[in-house]
Each structure stands twice: as structure tokens, then as C-alpha cells.
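This one's a predicted model, so the numbers in the text were calculated from it and none came from an experiment. Naming convention: chains lettered A, B, ... in sequence-line order (proteins, then strands); numbering from 1 in each chain.
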Number of protein chains: 2
Amino acid sequence: MHRPRKEMIAETRAKLIAAARQAFGTTGYAEASMDDFTASAGLTRGALYHHFGDKKGLLQAVIAEIDAEMAARVNEVASRAPTRWQHFVDECTTYIEMALEPEIQRIMFRDGPAVLGDPAQWPNASACVGSMTDHLTALQGEGVVVPGVDPETAARLINGASSQAAQRIANSNDPKATSKMVVAAFKQLLEGLLRKPAQQPV
Amino acid sequence: MHRPRKEMIAETRAKLIAAARQAFGTTGYAEASMDDFTASAGLTRGALYHHFGDKKGLLQAVIAEIDAEMAARVNEVASRAPTRWQHFVDECTTYIEMALEPEIQRIMFRDGPAVLGDPAQWPNASACVGSMTDHLTALQGEGVVVPGVDPETAARLINGASSQAAQRIANSNDPKATSKMVVAAFKQLLEGLLRKPAQQPV
DNA sequence: CTATTTCTCATACGCTTCGTATGTAATTGT
DNA sequence: ACAATTACATACGAAGCGTATGAGAAATAG
């Protein structure tokens, strides 16, 4: 019955992350009591401090997990699209859709930046931005996107707009309708990146 | 020496807001001790709770003050520009410039949203977005901006992009150079709002 | 002009939370 | 098998926050 120790450790880490993710995503980081959510995982703060150093360390781990999931979803959806530009646009809209989940909004867009600072400076996270940057670079090479702009910069700006887009939809009392409006405005902004002569379909 | 009571009250409120603004802007909201920064204003938490209800109430007051200042600055710069579109673009870049200040970034873009939620839902704030919305509406009426997009939605998206733009510049190790890059990319995005036939000068 | 009421703000208390220091059982290396 | 390390729990101290209470000055009334 003595399972290998590595698995036990991984299990407690996973339980801790899961419990924290639940608490941070609903109650919020600041209001989440470490005693409470560690207890909900059948553990104490002792385990938390041992594995993650402090509360912020645990938040980092939660964010890394969520970011990995988001990147996976984006990459999956990204696979099927006729043109690379469409591919890129789909990536953005998928990102917005994911950002609609309250847990992601709360942890990734509100508490995360407040506690850990600018997401651009996070060590592991923002895989989505990385992917968007790659596509923009390629699109620039193909002459679809205007040559002047820095891909990563553009990706970050779009990222900020996406976050606002998601919040606007999520806080609307008619999400269906506002979603139409917001995504339309968003795509319109994106077209600013296209070279004028090459009139791309929306 | 007995100045009217109303003035005394206004003075303590102002002292409290100033001290909190200083503390929130540098130390950060969560790390700022109410005992400490009230003491730095020559007061105690008693005054704070009396006037603002709680820590969040004080943060709201600080945000209202900063927002008013930002709106004033934007409106001032807005006055002089040849075309309305240029006017709008200047407004955005001014917004980005203001967002470079650490105090504004910290309070308005990081701690504020984390503590009080989506800025779009704030009662008094976001006067800047209101101004941008007005200009976009007018530009749409003039046929400069594409008719499809909702002005306030677009203003919010641009606002999100501006925030990211400012953070990117502020966290750069070569702010001058990155500023050029970021503003260029930002303006490129804005051009997505322009009607294609009416080729507007950058 | 005095008495009472109403403010403004300080003080005192309890509760919660966090971080650390310490303890203990289990596991690994030799 | 014995020492050393690891993985957690427990115990303790230090803040911080919110409330309840109190004091003193100003406004108001008679």
C-alpha cells in the first residue's frame, strides 16, 4: 500500500493547487483564508508553506496551471482555419471566450496582476501571447500584416483589448447581444493591422 | 481661530485621501497599513471609518480624485488638434502617457480593479472613457469611423490596449525606444476603426 | 447664556489571518 | 540499521481590520 513518495507529493501539491484555485476563483485571493482552503483539501498551512513558500507562491502555481490550460485550448482551436490570418483571429476570439469564465477573469486578470504585478513580467505565463506573437510575425513575413509594428507589442495590446472585451461581455445583462457587438468592434480593431491593398475578408 | 467646521472636515478628508493615495500608490493597497498612513496624516483609523466606512471606501475616494485629474488633463490636451480624428488619437496617447505614472498604474489599473471589480462598473470613474466614447460617436456621424462598431465598446477596448501599452513602456529598460514602438502599434490598431476609402493621415 | 444634542475623531477590544519556529513521523541513503 | 532528510502538522507571536465605546468640541435650542 506504500505508493511511491513522488506520487504522494504530487498529489498533495495538486490538491493544494485545486483547493486554492477554487478559493481564489470564487472568494478571491485576498479574502481566501489559507486555513480554510487548505483544510478543504484535508491539509494545513504547513504543507502549503513547505511546497509553495507562501500564499503568493501558491497563486503563481495556480496561474501557471490555468495558463497552460488556456494555451492548450488556443492551440487546439488554432489548428483548423483556412488562412493564417483567420487562424490568428480565431485565436483571439477563443481567448475572449475563455476570458468569459469568472475564474479566469478573477485569477488571471484581476487578482493575479494585483498580487504579482504586470503579467508580461511573469516567468512562465502568457503562453497565449507567445502564440499570438508567433502568428503575427509569420503574417508580417507573408505581407499580410503591416511591417511597421512589433509583433509582441501588438499581441500585448490585443491581449489588453481582449481582456476588456471579455469583461464587457461577462458583466452585460444581455451577454448574447453584447458579445456580437464586442467581437465586431474587436475584429474591426484587428483590421488596423492588415495592409490596406490586400483587402482581407472579415 | 475657530474655523468653520465644514472646512475642518474637508481638510481631514483631504488629508486622509492624500495619505492613502501616497500609501496605495507606493506600498500598494493590500500592504498599506491603515494605522500607518492615517498616522502619517496625523490621524487615526477612527477618522477613516467615520468618513469612508472602510478601507475600500477610501480607495474609492482616492480613485475618484485621480480619475477627475485624468479627465481634466485629457480635456485640456484635447482642445488643440486640427481634425477630430487627430483629437481622438491625441486623447488616447495622452491617456497612455498618464498611465505611465506608477501611482496611476498601481491604483487605477491594478489594485483598483482587484478590490472594486471591473472599472466599467464603477459609479463615478472612467470619465476618460466617456470622453473617448463621445468623440467616437461624433466621428461615426461624420463618416470618419466605420459605422458598425459601438462607440463605448470600442472605447473600452482601446482603453484596455492603452493600459497594456503603458505597462509595456513603463516596465521596459529602454522606455524611450519602446515608447516609439508601442505608440506606433497602438496607432496602427486605431486605424482599424477608420473607413477604408477615407485614407486619413497618421 | 446655559443646557442639550450632534458631530468628529480617538481609544480599546476581540477576532481573524499570516508567517515562523518547532515537533514528529515517514522515507531515503549508506 | 542508523543517521539524515523530507513532508507535513502544531504552536506561537505579531499584525491588521472592524466595532463598540468614549471624549471633547461645535452647533442648536430655549
Side-chain angles (χ1 to χ4, degrees), chain A residues 1-62 106-107 111-112 114-116, chain B residues 1-63 106-107 111-112 114-117:
Chain A
M1 197 57 193
H2 288 305
R3 296 255 303 289
R5 181 172 239 208
K6 287 292 180 190
E7 289 187 11
M8 300 296 286
I9 295 172
E11 188 182 330
T12 57
R13 279 183 64 98
K15 281 198 287 190
L16 243 22
I17 291 178
R21 179 171 173 168
Q22 161 70 21
F24 293 164
T26 55
T27 310
Y29 176 84
E31 290 74 23
S33 163
M34 300 167 77
D35 279 323
D36 287 352
F37 68 74
T38 51
S40 83
L43 297 163
T44 69
R45 279 180 311 152
L48 193 160
Y49 279 100
H50 181 71
H51 286 291
F52 301 99
D54 59 351
K55 202 180 183 183
K56 289 167 73 170
L58 182 52
L59 177 62
Q60 284 181 353
V62 170
R106 181 96 209 201
I107 297 177
D111 291 346
V115 176
L116 303 177
Chain B
M1 197 60 190
H2 290 306
R3 274 285 147 237
R5 181 171 242 200
K6 287 291 179 189
E7 290 187 11
M8 300 296 287
I9 294 173
E11 188 182 331
T12 59
R13 280 183 61 100
K15 281 198 287 191
L16 242 24
I17 290 177
R21 179 170 173 170
Q22 161 69 20
F24 293 165
T26 55
T27 311
Y29 176 84
E31 290 74 22
S33 162
M34 300 168 77
D35 279 323
D36 287 353
F37 68 74
T38 52
S40 83
L43 297 163
T44 69
R45 277 181 310 154
L48 192 160
Y49 279 100
H50 180 72
H51 287 291
F52 300 99
D54 59 352
K55 202 180 182 183
K56 289 167 73 168
L58 182 52
L59 177 62
Q60 283 181 354
V62 170
I63 284 178
R106 181 96 209 203
I107 297 177
D111 291 346
V115 176
L116 304 176

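Rounded to an integer number of Å, the gap from CZ of A:R45 to C1' of D:dA7 is 16 Å. In this structure, CZ of B:F52 is placed 10 Å from P of C:dC9, rounded to the nearest angstrom. Regarding A:H51, its NE2 atom lies at a distance of 6 Å from the P atom of D:dA7, rounded to whole Å. Taking atom CG of A:D54 as the reference point, atom C1' of C:dA21 lies 17 Å away to the nearest angstrom. Atom C1' of nucleotide D:dG18 and atom CD of A:E31 are separated by 15 Å, given to the nearest angstrom. Rounded to whole Å, atom C1' of C:dT8 lies 13 Å from atom CD of B:E11. One can place OH of A:Y49 at 21 Å from P of D:dT6, the figure rounded to the nearest angstrom. Taking atom CG of B:L48 as the reference point, atom P of D:dG16 lies 14 Å away to the nearest angstrom.
At the heavy-atom level, A:I9 lies under 4.0 Å from the strands shown only through sugar-phosphate atoms. As judged by a 4.0 angstrom heavy-atom cut-off over every strand, B:G42 is placed among residues touching the sugar-phosphate backbone only. A:A32 comes within 4.0 angstrom of sugar-phosphate atoms only, judged by non-hydrogen atoms across all strands, and of no base.
You'll find the side chain of B:L48 reaches within 4.5 Å of the side chain of B:F37, heavy atoms only. Between B:F52 and B:L16 there is a side-chain heavy-atom pair separated by less than 4.5 Å. Under the 4.5 Å side-chain criterion, counting only non-hydrogen atoms from C-beta, B:K56 is in contact with B:Y29.
Here B:K55 reaches the OP1 or OP2 of D:dC17: one of its side-chain N or O atoms lies under 4.0 Å away. A close approach under 4.0 Å does occur between a side-chain nitrogen or oxygen of A:H50 and OP1 or OP2 of D:dA7. Contact annotation: A:T12 does not reach the phosphate of D:dA7 (side-chain N/O to OP1 or OP2, under 4.0 Å). Under 4.0 angstrom from either OP1 or OP2 of D:dG16 there lies at least one side-chain N or O belonging to B:S33.
In terms of modelled atom types and a separation under 3.5 Å, the side chain of A:T38 and the main chain of A:D35 share a donor-acceptor contact.
Residue order along DNA chain C, read from the 5' end via each residue's closest nucleotide, puts A:D36 first among A:G46 and A:D36.
A distance of 7.0 Å separates CE of A:M34 from CG of A:D54, quoted to the nearest 0.5 Å.
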